[in-house]
There are 2 protein chains.
Amino acid sequence: MAYRIGELAKLTGITEHTLRFYEKEGLLVPGRTNGNIRSYSEEDRLWADFILHMKGTGMALQDLKRYKELRESEGSNYQELVEILIQHQHHVEAKLAEYQHNLELIKKKIEMYQQYKDGNKTKDLYSTFAERKITEYD
Amino acid sequence: MAYRIGELAKLTGITEHTLRFYEKEGLLVPGRTNGNIRSYSEEDRLWADFILHMKGTGMALQDLKRYKELRESEGSNYQELVEILIQHQHHVEAKLAEYQHNLELIKKKIEMYQQYKDGNKTKDLYSTFAERKITEYD
DNA sequence: CTACACCTTAGAGTCGACTCCAAGTCAAGG
DNA sequence: CCTTGACTTGGAGTCGACTCTAAGGTGTAG
């Protein structure tokens, strides 16, 4: 199964522009047909999805390129490869905690505003909040 | 309690450069002393921390500015305020799921490489992976 | 055969979020 | 008094990751 650039764009949600940009950057380099048309293999598609996953969790394109180079090179530099993964794992774990904490914070804040809405509908909104300024941004 | 820019920088971890940049953008505008030196109040500090929390979970500075403006304006436009929060909540929840999913993926990949390391230490690394290409980037 | 998807090069523009610089002013400790 | 370090301003530069344009040529499905 091989895909043309437009097909892969639809499958992955990455625009054609960006796919060509990734190719220029050496991040995702497809084969070519006789007619010089980009031909993305099934593996290319999986790699594209992998890029999306990693990029979506904050990995830089450079790191992804490095990772790809290591995978493609002969010899046992899989150690650096694992290091990249572990480093990213740490990053993801930290972010995960940050997001969880932040979610709680937002929920509390929304609740605060909802309580105002359902409760004393005076013009006192900002003074009410002023009274608890110290915990306002906890 | 009032802080000078250098103090706040140390307290929050935001550089002085960036604090001045935030001021230029209207995102965090301190008072001034007689001598025209920036004077950040306790509330400014809390707001700075809030900025860090929200920015760290992907909220744009523009949205934070809008939020600040709404908080400061008179009248009951707290509805838009809550909308901003709810929108961000959705964003955070989505990201949270993405990070969790990604964490599993990375762990599996690392395990894969570790298994190779502890096991058959041949030069067969890439062909081994080639055999499971289809699930390589799952 | 026609229409549409694809190809090329080379470079310019955008965006968000900083990051830094020059050139000067001001305040407090020794 | 003098030095040192923090402060001031406006504006320019950087970075990552796109995003688009021009202006033309080629490939292919129905």
Side-chain angles (χ1 to χ4, degrees), chain A residues 1-41 44-45 47-68 84 87-88 91 95 98, chain B residues 2-41 44 47-68 84 87-88 91 95 98:
Chain A
M1 197 67 198
Y3 309 100
R4 299 176 72 155
I5 194 167
E7 294 171 328
L8 191 69
K10 264 175 208 152
L11 281 173
T12 59
I14 304 171
T15 68
E16 300 184 21
H17 271 314
T18 303
L19 285 171
R20 291 196 194 98
F21 167 71
Y22 283 172
E23 182 174 349
K24 200 160 50 180
E25 300 288 293
L27 186 61
L28 173 50
V29 183
R32 297 293 179 127
T33 64
N34 292 341
N36 199 32
I37 286 186
R38 288 177 182 80
S39 176
Y40 294 90
S41 68
D44 289 334
R45 189 179 68 75
W47 172 238
D49 284 341
F50 188 69
I51 288 172
L52 285 178
H53 281 313
M54 302 307 264
K55 200 173 69 71
T57 52
M59 185 176 273
L61 298 191
Q62 268 200 10
D63 290 347
L64 279 160
K65 193 189 166 186
R66 182 92 193 103
Y67 182 88
K68 176 179 171 275
I84 291 176
Q87 208 178 357
H88 190 59
H91 169 80
K95 272 291 176 186
E98 190 176 354
Chain B
Y3 308 100
R4 299 176 73 154
I5 194 168
E7 295 170 328
L8 192 69
K10 264 173 209 153
L11 282 172
T12 58
I14 303 171
T15 68
E16 301 184 19
H17 273 313
T18 303
L19 285 171
R20 292 195 194 97
F21 166 72
Y22 283 174
E23 181 174 350
K24 200 158 51 177
E25 300 289 293
L27 185 62
L28 173 50
V29 183
R32 296 294 177 125
T33 64
N34 293 341
N36 199 32
I37 287 183
R38 288 177 181 78
S39 176
Y40 294 90
S41 69
D44 289 334
W47 172 238
D49 284 342
F50 187 70
I51 288 172
L52 284 178
H53 281 312
M54 303 306 265
K55 200 173 70 70
T57 52
M59 184 176 273
L61 298 190
Q62 269 201 9
D63 290 347
L64 279 160
K65 193 189 168 188
R66 182 91 193 107
Y67 182 88
K68 176 180 170 274
I84 291 176
Q87 207 178 358
H88 190 58
H91 170 81
K95 271 290 176 188
E98 189 176 355

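The chains referred to below are lettered A, B, ... by the order of the sequence lines, with proteins before strands, and numbering in each begins at 1. Please read these numbers as outputs of a predicted model, since none were measured by experiment.
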Q) Where do B:Phe21 and B:Leu61 land on the side-chain contact (heavy atoms from CB on, under 4.5 Å) test, with the steps shown first? A) CA-CA 11 Å; B:Phe21 166 72; B:Leu61 298 190; 4.0 Å; yes

Should [X] be listed as having a side-chain N or O under 4.0 Å from OP1 or OP2 of [N]?
X: B:Tyr22; N: C:dC18; answer: yes
X: A:Lys24; N: C:dT8; answer: no
X: A:Arg38; N: C:dA5; answer: no
X: A:Arg32; N: C:dT8; answer: yes
X: A:Arg20; N: C:dC7; answer: yes

Roughly how many Å is it from [atom1] in [X] to [atom2] in [N], rounded to a whole number?
X: B:Met54; N: C:dA17; atom1: CE; atom2: P; result: 14 Å
X: B:His17; N: C:dC20; atom1: NE2; atom2: C1'; result: 5 Å
X: B:Asn36; N: D:dT9; atom1: CG; atom2: P; result: 6 Å
X: A:Glu16; N: D:dT19; atom1: CD; atom2: P; result: 14 Å
X: B:Arg4; N: D:dC7; atom1: CZ; atom2: P; result: 5 Å
X: A:Glu23; N: C:dT9; atom1: CD; atom2: P; result: 9 Å
X: A:Leu19; N: D:dC20; atom1: CG; atom2: P; result: 14 Å
X: B:Leu27; N: C:dG16; atom1: CG; atom2: P; result: 14 Å

Pairing of [X] and [Y] as salt bridge, 4.0 angstrom limit:
X: B:Glu98; Y: B:Lys95; value: yes
X: A:Glu7; Y: A:Lys10; value: no
X: B:Glu25; Y: B:Lys68; value: no

Q) DNA chain C: B:Lys55 or B:Ile37, which has the more 5' nearest nucleotide? A) B:Lys55

**Q.** Closest-nucleotide 5' rank along DNA chain D - winner of A:Phe21 and A:Gly35
**A.** A:Phe21

(Q) Is any side-chain heavy atom of A:Thr33 closer than 4.5 Å to one of A:Arg4? (A) no

Q. Out of C:dG16, D:dC18, C:dC6, which has the shortest distance to the side chain of B:Gln62?
A. C:dG16

